[in-house]
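Here's the structure, in structure tokens; my notes come after.
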Amino acid sequence: MMLRAENIWVVGGDPRQAALAALLADDGHSVHTYALERGGGMECEPSMDGADRADCVVLPLPASGPEGKLNAPLAAQEHEMAQVLDALRPGQLVCAGMTDRALEDMAAARGLVLRDYFAREELAVMNAVATAEGAIQIAMEELPITLHNARVMVVGFGRLGRALAPRLRALGAQVWVCARRHEQRAAAESMGLGSERLERLSDWLCSYDLVINTVPALVLGVEELAALKEGALVIDLASRPGGVDMEAAAALNVRVIWALSLPGKVAPVTSGRYIKDTIYHIMEESEL
């Protein structure tokens, strides 16, 4: 918890941001929300008037939606990102998730201090936990077999793979990790997991009931998808553009679930707390 009360605006977003606003208010801050009308709880401001006096303005994760608009699925109407930023003052701290070049350019043109909270390691590590639990939930709901004794391949062994693979193994799954780097495969083996080389992924896929991709690059193309056993389930956890050739999957009749933004769907309150803690770190580093 921060040592003093701040004036914070939470603008746009999904249930994570609605939970974030409530958590900030519980900590004693003066909290205003905008473009969160269907978020429940706090009453939204009718306009951005007064946002220029905020100590910090928090934008969603991801900050931008289609066509560069504010990502605001809980808003009563669409909002242009430029109009949101125009309501702020030069030098103001703006925390946004998964910023893109267009947003960075708009913020720079207005003299705003933009910080990407999704780029922070502490948030990435904690988000991996919620994503892993969400992926396991999907697997349990969609597979016709138990995870116990299921053969599972986790593609990639970064933050998310390291959170996911041991949890699958704890449920009794037979888990292998497919990774590019030697040290990643060694780390997997040190946890009692099997390991394979990513460069020869198509050679390893014929015996797995479940394949979960965590790599944010195309790793499951035509050759890899054709190698899967009949009835195998693929869960893609990679952000856009994903790691699976979806057209090839459809042509080959491979069942793929592209599970985006799982933390906001399966654990919005916990995810909101992770974002809150990260915002606090950014504000402390900015001496606010």
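- A heavy-atom distance below 4.5 Å is found between the side chains of Asp245 and Glu247.
- Open room surrounds CG on Asn253; 12 or fewer heavy atoms of other groups in view lie less than 6.0 Å from it.
- A donor-acceptor contact shorter than 3.5 Å is absent between the side chain of Gln17 and the backbone of Pro60.
- Heavy atoms from other residues, nucleotides or ligands lying under 6.0 Å from CD of Glu122 number more than 12.
- A distance of 11.0 Å separates OG of Ser286 from CG of Asp55, quoted to the nearest 0.5 Å.
- Side-chain contact of Arg151 with Ser207: a donor-acceptor pair under 3.5 Å is present, judged by distance alone.
- Using modelled atom types, one side-chain atom of Gln92 and one backbone atom of Ala54 make a donor-acceptor pair closer than 3.5 Å.
- Hydrophobic clustering of Ile, Leu, Val, Met, Phe, Trp and Tyr side chains at less than 4.5 Å, counting indirect connections, keeps Val11 apart from Leu74.
- Between Arg16 and Ser261, some side-chain heavy-atom pair lies under the 4.5 Å cut-off.
- Defined by atom type and a distance below 3.5 Å, a donor-acceptor pair is missing between the side-chain atoms of Glu6 and His29.
- Using modelled atom types, no side-chain atom of Ser195 and backbone atom of Val177 make a donor-acceptor pair closer than 3.5 Å.
- Counting only heavy atoms from C-beta outward, the side chains of Leu164 and Leu237 approach each other to under 4.5 Å.
- Of the charged side-chain nitrogens involved, at least one lies within less than 4.0 Å of a carboxylate oxygen, so that Lys276 and Asp27 count as a salt-bridged pair.
- A donor and an acceptor atom, one from each side chain of Tyr117 and His281, are nowhere located under 3.5 Å apart.
- By the criterion of side-chain heavy atoms lying less than 4.5 angstrom apart, applied directly or through intervening Ile, Leu, Val, Met, Phe, Trp or Tyr residues, Met48 is grouped together with Val94 in one hydrophobic cluster.
- Using modelled atom types, no side-chain atom of Gln137 and backbone atom of Ala132 make a donor-acceptor pair closer than 3.5 Å.
- At a threshold of 4.0 Å, the pair Arg255-Glu142 counts as salt-bridged, since one of the basic side-chain nitrogens sits closer than that to a carboxylate oxygen.
- A donor-acceptor pair under 3.5 Å is formed between the side chain of Asp116 and the backbone N or O of Met98.
- Nearest heavy atoms, Trp204 versus Cys178: CD1-SG, 4.3 Å.
- With hydrogens and angles ignored, the 3.5 Å screen pairs a side-chain donor or acceptor of Lys265 with a backbone N or O of Leu260.
- A salt bridge does not link Arg115 to Glu285: none of the charged nitrogens lies less than 4.0 Å from a carboxylate oxygen.
- Between the side chain of Arg273 and the backbone N or O of Leu23 there is no donor-acceptor pair closer than 3.5 Å.
- Screening Val244, Ile212, Val234, Leu233 for a side-chain contact (heavy atoms from CB on, under 4.5 Å) involving Ile257 leaves a single residue, Leu233.
- By the 4.5 Å heavy-atom criterion applied to side chains, Leu93 and Val57 are not counted as neighbours.
- Within a 6.0 Å radius of CD in Glu141, more than 12 heavy atoms belonging to other residues, nucleotides or ligands are found.
- Separation of atoms CG (Leu24) and CE (Met42) is listed at 8.5 Å; rounding is to 0.5 Å.
- Thr214 is not listed as a side-chain neighbour of Phe157, based on a closest heavy-atom distance of 4.5 Å or more.
- Annotation: side chain of Leu225 is not in contact with side chain of Leu205 (no heavy-atom distance under 4.5 Å).
- The main-chain N or O of Met106 is found under 3.5 Å from a side-chain atom of Arg110 such that the two form a donor-acceptor pair.
- Judged purely by atom type and a 3.5 angstrom limit, Ser271 has no side-chain atom pairing as donor or acceptor with the backbone of Pro268.
- Panel note: side chain Trp176, backbone Tyr208; no donor-acceptor pair is recorded below 3.5 Å.
- Remark: Glu199 CD is packed, more than 12 non-hydrogen atoms of other residues, nucleotides or ligands lying under 6.0 Å away.
- Rounding to the nearest 0.5 Å gives a distance of 7.5 Å between CG of Leu220 and CG of Asp236.
- The closest side-chain donor-acceptor pair between Glu224 and Ser202, if any, does not fall under 3.5 angstrom.
- Rounding to the nearest 0.5 angstrom, the gap separating the OH atom in Tyr34 from the CG atom in Leu59 is 12.5 Å.
- Cation-pi contact between Arg53 and Trp9: absent, since separation from the ring centre below 6.0 Å together with deviation from the ring axis within 45° is not met.
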